[in-house]
K.L.:
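Next up is a structure, given as structure tokens.
Throughout, protein chains are lettered first and strands after them, A, B, ... in sequence-line order, and every chain is numbered starting at 1.
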Amino acid sequence: MDFAPSSSTAALVGDVRSGAPAYLPPTDPVLMKLMVTGPFGVGKTTFVRTLSEIPTLHTEETMTAAGAPVDDISRTPGKTATTVAVDFGRLTLTGGEFVLYLFGTPGQRRFLPLWEDLARGALGALVLVDTRRLADAFDAMDLVEEAGLPYTVAVNRFPDTPPIALDAVRAALDLDPATPLVEVDAREREGCVDALIALTEHVLDRLPQETAP
Amino acid sequence: MSTPPRRRLVPAYLATHGRTAAAGTHGLDRLSVLHAAADLPAGLGGEHRQLWELVRPGALTLAEAAAHLRLPVSATVFIAADLAERGALSVRAPIPSAQPVNRDLAERLLSGLRALK
Ligand SMILES: Nc1nc2c(ncn2[C@@H]2O[C@H](COP(=O)(O)OP(=O)(O)OP(=O)(O)O)[C@@H](O)[C@H]2O)c(=O)[nH]1
Ligand SMILES: [Mg+2]
């Protein structure tokens with residue numbers, strides 16, 4: 001099969017659509033989805049690319065001004081449409097037991113109707129924030145909260161980011177005490193994996209204990 | 001563009017292909033797994049043929065297929081539904097949409113992620 005474990009292909013980046021398709025492993029994997037969102041330019045695409053074992057893929061989703069997702073705007077004349085770019089990548093785990101999809105999506109509030117559609121079935125979301133403009137993260141936090149997803153906030157530090165303590169970030173974002181807050185460099189794999197672990201631990205915390213009825 | 005795909009309320013593959021049909025299963029999803037089954041029915045060309053050929057060597061999710069074909073996800077849904085209705089495509093529901101994630105699944109996902117380190 002055209003299937004390689006993630007570790008050996010993590011560095012495989014490049015242009016996206018031209019590549020040969022990477023077929024799913026023949027293990028009948030459980031597919032799971034996590035959202036990666038946040039304000040403009042915060043590092044969403046970079047994060048997905050760093051972790052993905054396949055060259056990241058890209059779809060354009062169209063949303064009418066009224067907010068309804070549409071398949072072809074040309075068939076609904078008179079409506080203006082917004083295009084939302086979605087980057088996604090894939091991570092095979094446990095020898096093909098799971099395939100985890102990471103959907104990198106913009107976090108602006110106006111995308112709410114499409115965002116809910118994109119997020120359907122997702123386990124949770126990672127909200128990337130830039131401490132130089134923390135308030136820009138509120139939209140993304142609203143989106144994930146309205147979609148009902150558990151989330152973790154990841155501070156993506158840039159070279160000219162002034163130092164700011166995580167406690168101060170937590171206070172400025174008015175985070176629920178239970179919401180994890182981590183730091184990442186979206187270009188560095190180890191930290192990105194840690195961010196997904198923090199998110200998955202949080203997802204697990206929020207799932208009810210299974211008790212026999 | 002080839003024959004414009006039609007909208008349908010209940011995708012026929014739900015009735016004709018196994019494994020789905022559990023209560024709460026909704027039609028094709030971005031993570032539905034598509035794999036060619038049988039031959040391409042006569043009369044289907046264009047984007048239908050492209051999708052069918054794309055998933056002949058192996059399975060891909062609908063979102064991946066859309067990206068490779070450079071089609072909107074929503075258009076790919078209709079094309080896939082057409083093919084599935086004619087038995088040319090097998091469709092498997094992504095497990096989390098068919099049944100909610102439980103702790104066991106989340107714990108196994110967590111150990112899978114930890115093993116990446
Ligand atoms: N220093 C540093 N630069 C980063 C990091 N993450 C992303 N960048 C850079 O920041 C820029 C924006 O990153 P993208 O990944 O494109 O951000 P995005 O959120 O996908 O942007 P949009 O899709 O345009 O909203 C790129 O030039 C990246 O190389 C990081 O963790 N550290
Ligand atoms: Mg981007």
Side-chain angles (χ1 to χ4, degrees), chain A residues 1-3 6-7 10 16-17 19-26 28-33 51 54 56-62 69-72 75 86 88 90-95 97-101 103 117-118 120-123 189-190 193-194 196-197 200-201 203-204 207-210, chain B residues 1 4-7 19 24-26 29-36 53-79 92-117:
Chain A
M1 279 297 288
D2 295 319
F3 155 60
S6 53
S7 52
V16 279
R17 304 181 201 183
Y23 292 105
L24 285 164
D28 212 14
V30 173
L31 308 189
M32 296 195 170
K33 173 162 69 176
L51 283 176
I54 59 167
T56 47
L57 295 168
H58 182 87
T59 53
E60 296 282 343
E61 313 267 346
T62 314
V70 292
D71 56 316
D72 184 351
R75 283 188 219 129
V86 179
F88 62 101
R90 196 171 100 185
L91 204 48
T92 300
L93 303 175
T94 329
E97 182 187 10
F98 293 108
V99 176
L100 182 62
Y101 285 82
F103 275 61
D117 184 56
L118 281 165
R120 191 167 300 122
L123 257 71
R189 179 177 168 84
E190 179 102 3
V193 171
D194 284 335
L196 292 190
I197 289 172
T200 308
E201 284 170 345
V203 168
L204 190 57
L207 286 171
Q209 294 287 342
E210 273 133 60
Chain B
M1 295 285 270
R6 292 162 292 134
R7 281 184 186 278
R19 271 179 152 273
T25 302
H26 23 254
D29 184 73
R30 285 180 180 75
L31 293 192
S32 295
V33 178
L34 311 181
H35 199 173
E53 282 177 349
L54 178 68
V55 296
R56 191 159 46 157
L60 286 177
T61 59
L62 190 139
E64 287 168 284
H68 283 291
L69 297 176
R70 305 182 192 205
L71 287 170
V73 166
S74 45
T76 310
V77 165
F78 299 126
I79 296 165
R92 163 158 98 59
I95 290 174
S97 314
Q99 63 188 59
V101 175
N102 57 35
R103 291 187 66 88
D104 175 55
L105 220 50
E107 271 161 11
R108 277 153 49 207
L109 174 64
L110 192 53
S111 38
L113 286 169
R114 287 185 176 136
L116 290 177
K117 301 195 45 157

K.L.:
What are the two closest heavy atoms between Ala66(B) and Thr59(A), and how far apart are they?
P.N.:
CB-CG2, 4.3 Å
K.L.:
If you round to the nearest 0.5 Å, how far is CG of Leu109(B) from CD of Glu201(A)?
P.N.:
11.0 Å
K.L.:
Side chain, backbone, both or neither: which part of Ala63(B) has a non-hydrogen atom closer than 4.5 Å to chain A?
P.N.:
both
K.L.:
Tell me, for Ser111(B) versus chain A, whether the close heavy atoms (under 4.5 Å) come from the side chain, the backbone, both or neither.
P.N.:
neither
K.L.:
I need the minimum non-hydrogen distance between Leu54(B) and Pro21(A), along with the two atoms involved.
P.N.:
CD1-CG, 3.7 Å
K.L.:
Which bit of Glu97(A) is near chain B, if near means a heavy-atom gap under 4.5 Å: side chain, backbone, both or neither?
P.N.:
side chain
K.L.:
Mind checking whether Phe88(A) and Arg30(B) have side chains closer than 4.5 Å, heavy atoms only?
P.N.:
no
K.L.:
Between Arg108(B), Glu107(B), Lys117(B), which shows the greatest number of heavy-atom pairs under 4.5 Å with chain A?
P.N.:
Arg108(B)
K.L.:
Quick one: closest heavy-atom pair of Leu207(A) and Ala106(B), and the distance?
P.N.:
CD1-CB, 3.8 Å
K.L.:
Determine, step by step, whether Leu24(A) and His35(B) satisfy the side chain to side chain contact (heavy atoms under 4.5 Å, CB included) criterion, reporting the C-alpha distance in whole Å, the side-chain angles of both residues, the deciding distance to 0.1 Å, and the verdict.
P.N.:
CA-CA 10 Å; Leu24(A) 285 164; His35(B) 199 173; over 6 Å; no
K.L.:
Walk me through whether Leu31(B) and Phe103(A) qualify under side chain to side chain contact (heavy atoms under 4.5 Å, CB included).
P.N.:
CA-CA 11 Å; Leu31(B) 293 192; Phe103(A) 275 61; 4.1 Å; yes
K.L.:
Tell me which of these, Leu196(A), Val203(A), Leu118(A), Leu100(A), has more heavy-atom pairs under 4.5 Å with chain B than the rest.
P.N.:
Leu118(A)
K.L.:
Working note: Leu116(B) + Leu91(A), criterion side chain to side chain contact (heavy atoms under 4.5 Å, CB included); need CA distance, chi angles, decisive distance, verdict.
P.N.:
CA-CA 10 Å; Leu116(B) 290 177; Leu91(A) 204 48; 4.0 Å; yes
K.L.:
Which heavy atom in Ala67(B) sits nearest to a heavy atom in His58(A), and how many Å separate them?
P.N.:
CB-O, 3.5 Å
K.L.:
Could you tell me the separation between the OG1 atom of Thr94(A) and the CZ atom of Arg114(B), rounded to the nearest 0.5 Å?
P.N.:
12.0 Å
K.L.:
Measure the shortest side-chain to side-chain distance between Arg90(A) and Thr61(B) over non-hydrogen atoms and say whether it is less than 4.5 angstrom.
P.N.:
no
K.L.:
Report yes if some heavy atom in the side chain of Leu105(B) is under 4.5 Å from a heavy atom in the side chain of Leu123(A); otherwise report no.
P.N.:
no
K.L.:
Side chain from CB out, backbone as N, CA, C, O: work out which of these in Leu69(B) comes under 4.5 Å of a heavy atom of chain A, or both, or neither.
P.N.:
neither
